[in-house]
2 protein chains.
Amino acid sequence: MPAIPSGALGALDPTSDRAVFRQIADQLRDAIDKGRFSEGDKLPSETELVEHYGVSRMTVRNSLSVLQGEGLVFSEHGKGVFVRPRPPVRRLASDRFARRHREQGKSAFTVEADAAGSHPTVDSLEIKEERPTQDIATRLGGPRRVLARHRRYLLDGRPVEFATSYLPLDIARGTQIAEPNPGPGGIYARLEELGHRLDHFEEEIRARMPAPHEVRSLRLAAGVPVIHLIRTAYDTEGRAVEVCDTVMAADAYVLAYQLPAT
Amino acid sequence: MPAIPSGALGALDPTSDRAVFRQIADQLRDAIDKGRFSEGDKLPSETELVEHYGVSRMTVRNSLSVLQGEGLVFSEHGKGVFVRPRPPVRRLASDRFARRHREQGKSAFTVEADAAGSHPTVDSLEIKEERPTQDIATRLGGPRRVLARHRRYLLDGRPVEFATSYLPLDIARGTQIAEPNPGPGGIYARLEELGHRLDHFEEEIRARMPAPHEVRSLRLAAGVPVIHLIRTAYDTEGRAVEVCDTVMAADAYVLAYQLPAT
DNA sequence: GAGGCAAACTCGTATAGACGAGTAGGTGGG
DNA sequence: CCCACCTACTCGTCTATACGAGTTTGCCTC
């Protein structure tokens, strides 16, 4: 039984000065790109690759770890190494916080997920009064203490993002914003009810590799970066009334913005 | 001479079921986070770590490769392993293509870089007529052939992004847009002169690990993701007149957007 | 037939050793 | 004084081996 699909993988070039493990990684990557292994498919086992190429197992593992680092494959202990499927991505539109989307009753996350036919969950809700970090304090205009709302979002059981909202205590203390359920329309609706009519948002976007706690919290596979989004909400008086710090699994999102050409 | 700063690294916990190479990675990560090694500092050599922990060299290398994958350190053959410095980031504001920024003579990239005191270069300029990919064709409304402008941007000699603009041939052929130097204000200025008054842009943002050719082209260190940005420019008649596909080194950028709360 | 158990397979971790190749510093000769 | 070379040190690549732990399969027993 040809465990390796015939023709899927070639031979090594001993005259090349490219390292053997890189050549093997190249061939596997190429085979994946060309569709000879498709999403979810099991790659040949380490033992099979060892026999096919006539190299030691550590060399094969080195090749596979290259592909893992590129986010192309993932491994499961006892099962094998598989081509990483691209999960369905959630598209975040730049008007997702527009007032008109707030009229209904549910949160932006829930509405979107329902529309996409997936099952949304919110998790690890924690609400505390804290001393803000220097960065958060600066963005909020320097309050000594803030209300922090930590939460994690899951789609169909998969964690996809976690976020913390920071609000100046003088705005949020004692209001429904400090409650686990902020009510219909979320905290932006409550802020407007409290007289802070929202004017605009500023979002900063970075991408980087996750810290270990982010890998755990989002159950990230190797080779999956995170998108780090920091949003500041300003009211019509120019005051920053909320900062939301969000970390998203990069393979689950595409962010979409519409910009005027003015 | 204590090659390892005293107290910087602790001992292994043999009772822990956490793998030895992970424990070592944890301690190094912790030491970096706590500033016991700062940006650019050389970590203890593999040999020193081997002696300090009493493990084999492959185990130490495994630890270091974990940190490389996280983007925390990089290695230089013959020199050592170093804490990766965070390079200065370029902030891309969402109004960077506003008409008012186009009045001067220079391109957006050049203006920004000069303002930041860095030396900008454009590179690998290539202009071709091509058959568009399915995706590009769809975004542009289905033209059979397009003009493609490939280019790479460098700051102080470091490549930071490469981009390709696609324009329908019926718009761009024979105009200055098809020339290596598109003239003052860039191709958006030319498009408006040609009667395509720009109305708005749509930008899609993804983050992922780079493909091998992207690693080469941007000289990316291990553990640095890329930001993939696809911008479509629409004229006042609702026609998509340009698609720009950009890949950026994620450690060199922060994207900033301003959104109305409407 | 159902359950349990063992074998065979998978990847994970770790050791010990070898050689190669790039770098830096010192030492000697010109 | 400067250059060339040698040496010591660095990380890069690769082999061979061993055992552990999770999964799957199939057989054997009841």
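Naming: A, B, ... by sequence-line order, numbering from 1 per chain. Keep in mind that the numbers below use all heavy atoms, side chains included, and drop hydrogens, waters and symmetry copies.
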By a strict heavy-atom criterion of less than 4.0 Å, which residues belonging to residues 70-82 of chain A are in contact with DNA chain D? A:His77, A:Gly78, A:Lys79
Short of 4.0 Å, heavy atom to strand atom, which residues of residues 214-222 of chain B count as contacting DNA chain D?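 Residues of residues 214-222 of chain B that come under 4.0 Å of DNA chain D do not exist, since none gets that close.
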Please write out each protein N/O paired with an N/O of nucleotides 15-17 of chain C under 3.5 Å, distance rounded to 0.1 Å.
unit_1: C:dT15; atom_1: OP2; unit_2: B:Ser56; atom_2: N; d: 2.9
unit_1: C:dT15; atom_1: OP2; unit_2: B:Ser56; atom_2: OG; d: 3.1
unit_1: C:dT15; atom_1: OP2; unit_2: B:Thr59; atom_2: OG1; d: 2.5

Assess whether a salt bridge exists between [X] and [Y], defined as any Lys/Arg side-chain N lying under 4.0 Å from an Asp/Glu carboxylate O.
X	Y	result
A:Arg231	A:Glu202	no
B:Glu161	B:Arg90	yes
B:Glu214	B:Arg208	yes
B:Asp30	B:Arg36	yes
A:Arg149	A:Glu179	no
B:Arg96	B:Glu203	yes
A:Arg29	A:Asp33	no
B:Arg206	A:Asp251	no

Set of side-chain hydrogen bond (donor to acceptor under 3.5 Å, both in side chains) partners for A:Glu51, sequence neighbours left out: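 Testing A:Glu51 for side-chain hydrogen bond (donor to acceptor under 3.5 Å, both in side chains), a comparison that skips the adjacent residues, returns none.
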Residues forming a side-chain hydrogen bond (donor to acceptor under 3.5 Å, both in side chains) with A:Arg152, sequence neighbours excluded: A:Asp123
Contact nearer the 5' end of DNA chain D, comparing B:Thr47 with A:Arg18: B:Thr47
What range of DNA chain D does chain B touch, first nucleotide to last, counting atoms under 4.0 Å from its heavy atoms? D:dT10 to D:dC14
Hey, does B:Arg22 reach any base, or is it just sugar-phosphate, or nothing, if we go heavy atoms under 4.0 Å? sugar-phosphate
